4 protein chains.
Amino acid sequence: MAGSVNKVILVGNLGRDPEVRRLSNGEPVVNLRIATSETWKDKGTGERKEKTEWHSVVIFNENLGRVAEQYLKKGSKVYIEGQLQTRKWQDQQGQEKYTTEIVLQRFRGELTILDSRQGGGEQFDEEHSGGSIQRGGDFGGRAPAERRPAPAGGSSRHTDLDDDIPF
Amino acid sequence: MAGSVNKVILVGNLGRDPEVRRLSNGEPVVNLRIATSETWKDKGTGERKEKTEWHSVVIFNENLGRVAEQYLKKGSKVYIEGQLQTRKWQDQQGQEKYTTEIVLQRFRGELTILDSRQGGGEQFDEEHSGGSIQRGGDFGGRAPAERRPAPAGGSSRHTDLDDDIPF
Amino acid sequence: MAGSVNKVILVGNLGRDPEVRRLSNGEPVVNLRIATSETWKDKGTGERKEKTEWHSVVIFNENLGRVAEQYLKKGSKVYIEGQLQTRKWQDQQGQEKYTTEIVLQRFRGELTILDSRQGGGEQFDEEHSGGSIQRGGDFGGRAPAERRPAPAGGSSRHTDLDDDIPF
Amino acid sequence: MAGSVNKVILVGNLGRDPEVRRLSNGEPVVNLRIATSETWKDKGTGERKEKTEWHSVVIFNENLGRVAEQYLKKGSKVYIEGQLQTRKWQDQQGQEKYTTEIVLQRFRGELTILDSRQGGGEQFDEEHSGGSIQRGGDFGGRAPAERRPAPAGGSSRHTDLDDDIPF
DNA sequence: TTTT
DNA sequence: TTTT
């Protein structure tokens with residue numbers, strides 16, 4: 001079309017470990033299930049309510065895929081930026097289905113890890129804010145410096161691309 | 001969960017006129033179909049390529065719904081901010097389906113009209129529009145001044161809520 | 001103008017406790033200093049580098065101001081959404097200065113607390129994700145249910161509005 | 001710090017033609033002045049009010065800089081995504097000043113042209129524009145296909161980098 | 001089904 | 001300094 005924007009921003013937690021498939025060239029394609037939720041008090045009863053929404057995220061961005069594979073696991077909190085994409089597929093009965101996903105294309109999207117369970121005291125001081133590099137950085141995936149060797153898998157589940165189940 | 005964000009930002013064009021249903025209290029619920037697209041040149045052939053993505057938007061925010069009803073039509077360009085929501089429904093064969101929509105809840109979300117093709121049959125009179133809103137403004141929907149009587153419908157299609165078709 | 005958007009999204013940590021001033025009607029106006037930072041490896045030396053950016057946030061939104069006052073302190077990690085605003089002022093030598101802030105207007109903006117140091121084990125399970133309400137919720141500030149009594153101050157510094165120092 | 005996000009999203013109009021400076025290697029650095037505004041009706045008087053905010057944008061992203069140089073001019077409407085950056089400088093009296101800008105770093109940020117007033121003197125020829133880009137497209141600047149030769153300048157003002165005035 |  |  002021209003002049004359009006398609007952007008999704010999520011801050012949420014992984015409902016399970018990342019699922020990693022691998023392209024023939026070794027690049028990872030990572031699927032995440034991310035929960036966001038809202039809480040409110042019912043106006044009538046005063047009861048506390050919560051509604052959780054589940055999102056399917058697909059990471060084609062190579063650098064961000066490696067970060068996801070290496071550092072994320074069930075329960076991790078992340079900031080994710082991607083775009084909406086709906087694809088059509090057929091279930092085993094030949095029924096048409098649509099699935100909408102948040103996609104991080106090659107060289108696009110953002111992934112930032114927001115929890116820091118790991119490592120020491122996580123000090124934080126305006127005066128001494130230098131020098132603390134740990135998990136939790138912004139892996140924009142666009143700087144060559146951020147490339148690192150493919151990890152051995154860690155907590156992520158590996159599946160082959162042929163096993164691809166659409167939802 | 002706690003501490004989550006679920007946000008979609010779209011800039012795109014309406015593929016058809018808004019569809020307006022009405023709650024029993026007269027509040028509009030407006031559905032939009034919005035196209036975003038990306039264009040690129042094929043690396044191999046140098047050919048111009050385009051891929052369009054279609055989004056379903058549902059506006060429960062009363063003020064923004066009235067703005068959509070009154071000012072948007074097929075082709076309009078808008079900035080939309082809402083949240084992702086997936087709902088489950090059954091088609092007429094009893095098949096389970098999922099539909100993901102961008103939802104603007106009551107008192108939430110944003111809608112800004114981005115085109116200003118003011119000419120044409122669609123005259124634009126402050127007296128008839130309630131005096132406060134012209135096309136192209138930011139209808140944040142949170143200021144009381146922006147409330148106005150339900151419009152007569154304009155170019156939008158009205159359907160009853162009972163006719164609700166899920167996709 | 002018409003058809004414009006002015007939005008800032010920050011995820012960062014407070015460099016110091018919130019500063020709370022109070023309007024004559026008792027509403028809090030809260031100032032935050034928030035750090036965001038980027039880390040990268042120097043292409044030449046391979047050295048780890050970090051650059052921190054400091055942001056001034058002003059919260060006029062009453063509900064979000066109370067949340068900030070009550071729950072935030074030095075080191076807290078937050079998601080903030082507001083708008084850019086630059087104001088002109090004069091220092092004591094009569095020199096013109098400009099300060100750009102991220103402003104959360106009355107009834108506008110978002111504030112979500114992203115750390116959860118406090119309370120128990122922070123379990124997280126896709127199957128049992130219900131029932132955990134604690135700090136870290138989305139205080140959209142637009143639902144009446146979210147109003148709560150003014151806190152006693154906690155870790156925040158109180159200053160009178162007359163002491164207002166511009167930067 | 002770790003785990004931070006620093007993002008600005010603007011939709012607004014250029015107050016003047018882009019200002020283009022050039023690095024020694026020929027890469028453009030483009031400055032934009034962008035207006036966003038809000039309108040509302042005064043609760044008391046019913047009067048129409050408007051407040052305009054001006055933003056300074058600096059584009060270091062080479063591809064987006066070329067797009068800005070070539071296609072934007074005073075009055076153009078754009079979607080811009082960048083990050084906040086405050087820099088300190090001294091005026092000619094040696095006074096310390098701070099300026100906050102929206103920066104599109106190399107390989108980062110987004111720029112989408114939102115108006116399509118195609119008529120007028122500003123003809124628009126695929127052959128002259130390098131064949132790949134028309135007004136209104138998404139110039140993400142990350143696809144190799146989008147690279148093109150430096151344009152002759154168009155409506156933009158050129159200044160040398162040595163003339164750099166900070167505000 | 002939009003737009004360029 | 002833009003735009004409506």
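Labels below follow one simple rule: chain letters A, B, ... track the order of the sequence lines, proteins then strands, and each chain is numbered from 1. Bear in mind the structure is a predicted one, so any value in this text is a computation, not a measurement.
Put simply, OH on D:Tyr71 is 16 Å from P on E:dT4, counting in whole angstrom units. Look at NZ on B:Lys77: it is 7 Å from P on E:dT4, rounded to the nearest Å. The CG atom of B:Asp115 sits 15 Å away from the P atom of E:dT2 (whole-angstrom rounding). When rounded to the nearest whole Å, the span between CD1 of B:Ile34 and C1' of E:dT1 equals 12 Å. Rounded to an integer number of Å, the gap from CG of D:Leu114 to C1' of E:dT2 is 15 Å. Here the C1' atom of nucleotide F:dT1 and the CG atom of D:Asn31 are 14 Å apart, to the nearest Å. Atoms CG (D:Leu72) and P (F:dT2) sit 16 Å apart, rounded to a whole Å. The OH-C1' distance, from C:Tyr98 to F:dT1, rounds to 13 Å in whole Å.
Comparing atom distances between the D:Arg16 side chain and each of E:dT1, F:dT1, E:dT2 picks out F:dT1 as nearest. Comparing F:dT2, E:dT2, E:dT1 by their closest approach to the side chain of D:Lys74 singles out F:dT2. When the nucleotides E:dT2, F:dT1, F:dT2 are ranked by their closest atom to the side chain of B:Trp54, E:dT2 comes out on top.
A salt bridge links B:Glu53 to B:Lys51: at least one charged side-chain nitrogen sits closer than 4.0 Å to a carboxylate oxygen.
A:Glu81 and A:Leu104 get closest at one heavy-atom pair: O-CG, 3.4 Å. Across D:Lys97 and C:Glu96, no two heavy atoms sit closer than the pair NZ-O, 2.8 Å. The minimum heavy-atom distance linking D:Gly12 with D:Thr36 is given by the pair CA-CG2, 4.4 Å.
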